[in-house]
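Quick notes on the structure that follows.
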Amino acid sequence: MAKVQDVAALSGLSTSTVSRYLNKNGYVSKKAAAKIEKAIAELDFRPSFLGRSLKYNRSFIIAICVPMVSHPFFAKMIQAVENEAYRMGYKLLVTDSDNKREREEDFIELVLNKRVDGIIFVTHNKYETFDDSLPVVTIDRSFGPKVPCVTSDNYDAVYAGLAYLYNKGRRHIGFIGGRPNVQSEVLERYKAYQDFIRDKGLDDLSFYVDSRHGEELGNAYKFITKYQHLDAIVTSSDAYGFACYRALGYDSSATRKVDIITYDGIMNDWIQYPTFTAIKQNIDEMAKAVVDVLIKQMNKEPVKSKYIVKTEFIKGETA
């Protein structure tokens with residue numbers, strides 16, 4: 001089995017430089033890092049987690065908590081975070097909270113009891129207070145300026161998507177989504193819709209409701225029934241986009257073409273037809289940001305309160 005000394009010898013660098021890179025506890029230039037990565041790959045080197053844990057008094061485990069692991073967005077995010085965490089020398093522990101606060105509180109106890117080094121937190125529950133001294137990074141959720149949040153350009157991306165539909169001549173544009181009951185960056189998607197229809201003098205055809213994952217199809221039927229004259233829809237998630245597609249397909253009166261733009265852009269990885277026109281979140285880049293910021297927190301390095309990862313507009317068959 002290859003050792004740190006072998007990696008150092010093959011890369012032409014000192015053992016201390018390789019150790020700094022592996023333990024993320026000091027500066028290593030990009031050129032040196034590339035040499036180390038190449039040597040690691042050639043030697044199939046695997047660091048000893050037990051040895052590192054004892055030496056640095058860390059578990060080298062980070063944890064991620066999501067409301068529903070089977071949800072396509074969360075499933076994709078977990079995969080990307082695990083890949084990035086492994087690349088950075090950490091194992092990933094995954095918790096499905098089922099959106100239950102008591103499970104989330106048990107999850108927070110992991111870092112309080114030093115069983116994990118840091119946590120990535122996705123929650124739809126309210127917290128009156130939150131210990132901002134903990135190494136915690138959230139995805140889309142705002143806990144205040146001392147808890148870093150990684151998100152996408154929600155407002156600008158949705159506004160641009162609406163402009164795309166408007167330029168196609170669509171004037172009866174609806175919006176549907178599950179409304180967070182907490183301060184979330186996802187609310188910016190609905191705000192963009194409200195601002196756009198006001199700017200263009202269009203009717204408000206929104207269906208923004210309190211809902212849980214799994215209720216999208218039922219809400220989509222209500223939405224389509226309520227607004228019979230829709231010619232385009234922007235949805236706050238892929239799940240709602242697919243639900244609207246199904247609801248329109250099962251409605252015998254829906255003989256017109258209704259454009260659909262979804263947010264997330266994950267559904268095209270799961271189904272072959274139709275390809276959805278989507279605002280695609282760059283999940284790999286978000287995962288890199290999440291893990292990087294969390295490691296900085298664990299190392300007591302300064303971090304920002306918000307990190308925004310740009311989306312990409314993907315033209316598909318639905319709009």
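- Under the 4.5 Å side-chain heavy-atom criterion for ILVMFWY residues, a single connected hydrophobic cluster contains both Leu162 and Tyr227.
- Using a 4.5 Å cut-off on side-chain heavy atoms (C-beta onward), Ile173 and Ile197 make no contact.
- With sequence neighbours excluded, the residues satisfying side chain to side chain contact (heavy atoms under 4.5 Å, CB included) with Glu312 are Ile314.
- Under the 3.5 Å distance criterion, the side-chain polar atoms of Asn154 are matched with a main-chain donor or acceptor of Ser152.
- The number of heavy atoms from other shown groups lying within 6.0 Å of NZ (Lys315) is above 12.
- Criterion: ILVMFWY side-chain heavy atoms under 4.5 Å apart, direct or through other members. Under it, Ile120 and Val69 are part of a common hydrophobic cluster.
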Check residues 76-85 and write down every donor-acceptor pair under 3.5 Å in which the side-chain atom is one partner and the other belongs to a residue at least two apart or another chain.
unit_1	atom_1	unit_2	atom_2	d
Asn83	ND2	Gln79	O	3.4
Glu84	OE1	Arg87	NE	3.3
Glu84	OE2	Arg87	NH2	2.9

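- At least one donor-acceptor pair under 3.5 Å links the side chain of Thr277 to the backbone N or O of Ala319.
- Residues passing the salt bridge (Lys or Arg N to Asp or Glu O under 4.0 Å) test with Glu185 are Lys306, sequence neighbours excluded.
- The salt bridge (Lys or Arg N to Asp or Glu O under 4.0 Å) pairs that include a residue from residues 272-284 number zero, where partners must be two or more places apart or lie in different chains.
- Taken together through direct or relayed side-chain contacts under 4.5 Å among Ile, Leu, Val, Met, Phe, Trp and Tyr, Leu13 and Leu43 form part of one hydrophobic cluster.
- Considering all non-hydrogen atoms of both residues, Ser11 and Ala8 come closest at OG-O, 3.2 Å.
- Remark: Lys100 pairs with Asp98 by the side-chain hydrogen bond (donor to acceptor under 3.5 Å, both in side chains) rule, at least two apart or across chains.
- A donor-acceptor contact shorter than 3.5 Å is absent between the side chain of Asn282 and the backbone of Thr311.
- Pro135 places none of its side-chain heavy atoms less than 4.5 Å from the side chain of Asp117.
- Nearest heavy atom pair, residue Gly177 against residue Ser236, reads CA-OG, 3.0 Å.
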(request) Kindly determine whether Ser97 and Met68 satisfy side-chain contact (heavy atoms from CB on, under 4.5 Å), including the steps that lead there. (result) CA-CA 7 Å; Ser97 72; Met68 184 181 187; over 6 Å; no
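- Side chain of Tyr193 to backbone of Leu205: a donor-acceptor contact under 3.5 angstrom is found.
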(message) Before you tell me yes or no, could you show the steps for Arg246 and Leu217 under side-chain contact (heavy atoms from CB on, under 4.5 Å), namely the whole-Å CA-CA distance, both residues' side-chain angles and the distance that decides it to 0.1 Å?
(response) CA-CA 8 Å; Arg246 287 189 61 190; Leu217 185 57; 3.8 Å; yes
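- Judged by distance alone, with hydrogens and angles left aside, the side-chain atoms of Arg141 form no donor-acceptor pair with the main-chain N or O of Cys149 at under 3.5 Å.
- Residues Asn219 and Tyr240 are in side-chain contact: their nearest non-hydrogen atoms beyond the backbone lie under 4.5 Å apart.
- With sequence neighbours excluded, the residues that form a salt bridge (Lys or Arg N to Asp or Glu O under 4.0 Å) with Arg179 are Asp210.
- In terms of heavy-atom proximity, Thr151 sits nearest to Asp140 at OG1-OD1, 2.7 Å.
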(request) Applying side-chain contact (heavy atoms from CB on, under 4.5 Å), run through Ile295 and Met88 and close with a yes or a no. (result) CA-CA 9 Å; Ile295 291 174; Met88 298 299 288; 3.8 Å; yes
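- Linking ILVMFWY side-chain heavy atoms closer than 4.5 Å, directly or via other members, places Tyr307 and Ile64 in a single hydrophobic cluster.
- Under the 4.5 Å side-chain criterion, counting only non-hydrogen atoms from C-beta, Thr235 is not in contact with Ile261.
- Residues Asp195 and Arg198 are paired through a salt bridge, judged by an N-O separation under 4.0 Å between the basic side chain and the carboxylate.
- Residues that satisfy the side chain to side chain contact (heavy atoms under 4.5 Å, CB included) test with Lys168, not counting sequence neighbours, are Tyr164, Arg170, Asp259.
- Side-chain N or O atoms of Thr318 include one that pairs as donor or acceptor with a backbone N or O of Ile260 at under 3.5 Å.
- Annotation: side-chain hydrogen bond (donor to acceptor under 3.5 Å, both in side chains) contacts of Ser305 (sequence neighbours excluded): none.
- Comment: Lys288 engages Glu285 in a salt bridge, judged by a side-chain N to carboxylate O separation of less than 4.0 angstrom.
- The backbone N or O of Leu187 sits nowhere less than 3.5 Å from a side-chain atom of Ser184 that would complete a donor-acceptor pair.
- Annotation for Val290 and Val137: closest pair O-CG2, 4.0 Å, computed over non-hydrogen atoms.
- Checked against side-chain hydrogen bond (donor to acceptor under 3.5 Å, both in side chains), Tyr159 has the following partners two or more places apart in sequence or in another chain: Asp199.
- The closest donor-acceptor contact from the side chain of Arg171 to the backbone of Tyr166 lies under 3.5 Å.
- Taking the salt bridge (Lys or Arg N to Asp or Glu O under 4.0 Å) definition, one finds that Lys226 meets it with nothing, sequence neighbours left out.
- Side chain of Gln281 to main chain of Asp264: no donor-acceptor pair is present (N/O by atom type, distance under 3.5 Å, no hydrogens or angles).
- One N or O on the side chain of Asn268 and one on the backbone of Phe276 form a donor-acceptor pair closer than 3.5 Å.
- Listed by chain and number, the residues in a side-chain hydrogen bond (donor to acceptor under 3.5 Å, both in side chains) with Ser16 are Ser14 (sequence neighbours excluded).
- Val234 and Tyr208 fall within the same hydrophobic cluster, defined by Ile, Leu, Val, Met, Phe, Trp and Tyr side-chain heavy atoms under 4.5 Å apart, directly or through other members.
- Checked against salt bridge (Lys or Arg N to Asp or Glu O under 4.0 Å), Glu105 has the following partners two or more places apart in sequence or in another chain: Arg101.
- No side-chain heavy atom of Arg103 sits less than 4.5 Å from a side-chain heavy atom of Thr95.
- Stacking of Arg189 on the aromatic ring of Tyr263 is recorded, both the 6.0 Å distance cut-off and the 45° axial limit being met.
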